[in-house]
Amino acid sequence: MSAIASSSQSSAIAGGPVLVACDGTAVSHEALFNAGRLAASAFGGVLEVIGVCEPVPGVAAGMDVLPVPAELDEARRATMLDDLRRAVRISAAGDPSWPIAVLTGSPARVLAGEAERRGASLIVMGIGRHNPLDRLFGTETTLATLRESRVPVLAVGPEFPAVPSRAVVGLDFSAASRQAARLALHLLAPGGHLTLVHVRPRFEHPSADWQAWDVEYGRTLPPLFDQVRAQLHVPDGIRVDTVAVRGDPAPALLAFAQQANADLVAVGTQRHSPLERLVVGSVATRVLRTARVGVLAVPATG
């Protein structure tokens with residue numbers, strides 16, 4: 001029983017549209033469109049391709065700012081729409097019947113807002129290039145969207161498979177990480193393998209109190225894992241196992257995923273202040289920055 005075939009279970013997951021964010025110029029259309037098709041089938045929604053055209057800023061002229069003619073933004077929007085239609089038409093994974101729209105504004109805010117307004121089940125995006133300047137100012141569209149969005153984001157690179165067979169979930173037992181496990185499970189191929197990974201604290205102390213606390217911590221994990229497994233309602237043919245590792249959450253999770261040859265890493269996200277994001281960052285952000293596989297990030301609700 002796969003994500004594609006599991007219509008009865010997928011209806012319980014979501015059902016809203018899957019928004020595939022694209023600008024028509026990427027080289028990984030196949031991966032984007034395949035991921036969108038997979039998610040739409042898994043979650044029971046329609047696929048919609050969406051582009052966002054940033055408005056041209058006004059031009060400074062002395063003490064004044066001259067507005068850019070509206071016709072320029074409209075021309076750029078029309079060009080992107082043509083590019084998207086062409087990308088869908090020539091892609092082996094595309095379907096000319098998919099609805100395509102191009103909006104104007106800040107890409108991250110527009111994508112997050114549209115996803116929430118439309119009741120989307122997922123936003124599918126590419127994992128773009130990362131450079132220090134982008135990281136400092138938060139201009140990487142996928143990361144910025146992840147920070148804005150209340151809808152899960154699936155970020156894929158050009159090597160993302162049509163249907164993942166191996167997924168790893170970073171499980172901290174929060175509601176968001178449990179939902180990440182549920183969504184990842186439904187994206188797996190028949191006979192797929194899902195591993196729930198909990199990263200334990202790495203710090204150690206020779207005191208008896210620390211040792212006792214660490215032992216008690218370990219005792220709490222099996223029943224928590226069992227509870228999550230029971231809530232997943234795992235389809236026949238899908239293997240689910242659990243692992244506890246020690247270390248810094250993001251590097252430890254990615255190291256395990258690499259060792260397991262995972263196609264997908266799924267994590268829950270937590271809300272952080274702008275200062276926390278700049279200085280520390282979230283586990284989801286750090287995973288997305290360094291992952292070489294697809295990343296599914298599920299935001300906390302409320």
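Just so we're clear, the structure is a prediction, and the values are computed from it rather than from any experiment. The first residue of the sequence shown is numbered 1, and numbering continues consecutively from there.
- A perpendicular orientation is assigned to the rings of Phe33 and Trp98, their planes being inclined by more than 60° (bins at 30° and 60°).
- Heavy-atom minimum distance, Met125 versus Ala21: CG-CB, 3.9 Å.
- Atom-to-atom distance recorded for Leu253:CG and Leu171:CG is 10.5 Å, nearest 0.5 angstrom.
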Next on the checklist: With side-chain contact (heavy atoms from CB on, under 4.5 Å) as the criterion, how do Leu81 and Val102 come out once you've worked through the C-alpha distance, each side chain's angles and the decisive distance to 0.1 Å?
Outcome noted: CA-CA 6 Å; Leu81 183 59; Val102 175; 3.9 Å; yes
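- Taking each heavy atom of Cys53 and Arg76 in turn, the nearest pair found is SG-NH1, 3.3 Å.
- Counting heavy atoms of neighbouring residues, nucleotides and ligands inside a 6.0 Å radius, atom CD of Glu159 does not exceed 12 of them.
- Contact annotation: the side chain of Val88 approaches that of Ile100 to within less than 4.5 Å [non-hydrogen atoms, C-beta and beyond].
- Between atom CZ of residue Phe160 and atom CG of residue Leu32 there is a gap of 10.5 Å, rounded to the nearest 0.5 Å.
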Item to check | Derivation of the side-chain contact (heavy atoms from CB on, under 4.5 Å) call for Val295 and Leu264 | outcome: CA-CA 6 Å; Val295 176; Leu264 178 68; 5.8 Å; no
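- Met80 is not listed as a side-chain neighbour of Val52, based on a closest heavy-atom distance of 4.5 Å or more.
- To the nearest 0.5 Å, atom CG of residue Leu194 and atom OG1 of residue Thr242 are 10.5 Å apart.
- More than 12 non-hydrogen atoms from other residues, nucleotides or ligands lie less than 6.0 angstrom from CZ of Arg200.
- With a 4.5 Å cut-off on side-chain heavy atoms, Ser121 and Val18 count as touching.
- Taking every heavy atom of both residues into account, Leu196 and Ala181 meet most closely at CD2-CB, 3.9 Å.
- At least one side-chain heavy atom of Leu221 sits less than 4.5 Å from a side-chain heavy atom of His198.
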Next on the checklist: Under the criterion side-chain contact (heavy atoms from CB on, under 4.5 Å), I'd like the reasoning laid out for Thr269 against Leu146: C-alpha separation, chi angles, the key distance, then a yes or no.
Outcome noted: CA-CA 9 Å; Thr269 70; Leu146 175 61; 4.0 Å; yes
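- A donor-acceptor pair under 3.5 Å is absent between the side-chain atoms of Ser41 and the main chain of Arg37, judged by distance alone.
- Side chain of Arg166 to backbone of Gly192: no donor-acceptor contact under 3.5 angstrom is found.
- In plain terms, the two heavy atoms of Ala175 and Arg182 that are nearest each other are O-NH2, 4.5 Å.
- How far NE2 of His233 is from CD1 of Ile238: 15.5 Å, rounded to the nearest 0.5 Å.
- Here the closest heavy-atom approach between residue Leu296 and residue Pro152 is recorded as CD1-CB, 4.5 Å.
- Looking at heavy atoms from C-beta onward, Leu254 lies in side-chain contact with Thr290 at the 4.5 angstrom threshold.
- Rounded to the nearest 0.5 Å, atoms CG (Leu187) and OG (Ser165) are 12.5 Å apart.
- Looking at heavy atoms from C-beta onward, Val287 lies in side-chain contact with Val283 at the 4.5 angstrom threshold.
- Tracing side-chain contacts under 4.5 Å through hydrophobic residues (I, L, V, M, F, W, Y), one never reaches Ile50 starting from Val46; they form parts of separate clusters.
- Listed here is the closest heavy atom pair of Val124 and Ala35: CG1-CB, 3.9 Å.
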Checklist entry - Given Arg289 and Arg286, is the side-chain contact (heavy atoms from CB on, under 4.5 Å) satisfied, shown in steps? => result CA-CA 5 Å; Arg289 285 196 187 282; Arg286 296 172 70 190; 5.7 Å; no
Next on the checklist: Run the side chain to side chain donor-acceptor pair (under 3.5 Å) test on Gln231 and Arg178 for me, step by step, so that the C-alpha distance in whole Å, both residues' side-chain angles and the decisive distance to 0.1 Å come before the verdict.
Outcome noted: CA-CA 9 Å; Gln231 293 172 344; Arg178 291 172 188 240; 2.8 Å; yes
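- Atom CD of Gln227 is surrounded by more than 12 heavy atoms from other residues, nucleotides or ligands within 6.0 Å.
- Atom CG of Leu111 sits about 8.5 Å away from atom OG of Ser149, to the nearest 0.5 Å.
- Considering only heavy atoms from C-beta on, Leu185 comes within 4.5 Å of Pro235 through its side chain.
- Looking at Gln179, its side chain never comes within 3.5 Å of a backbone N or O of Gly268 through a donor-acceptor pair.
- Using a 4.0 Å cut-off between charged side-chain N and carboxylate O, Asp241 and Arg239 make a salt bridge.
- A salt bridge links Arg246 to Asp214: at least one charged side-chain nitrogen sits closer than 4.0 Å to a carboxylate oxygen.
- Between Val153 and Leu122 there is no side-chain heavy-atom pair separated by less than 4.5 Å.
- A salt bridge links Glu48 with Arg118; the closest basic N to acidic carboxylate O contact falls under 4.0 Å.
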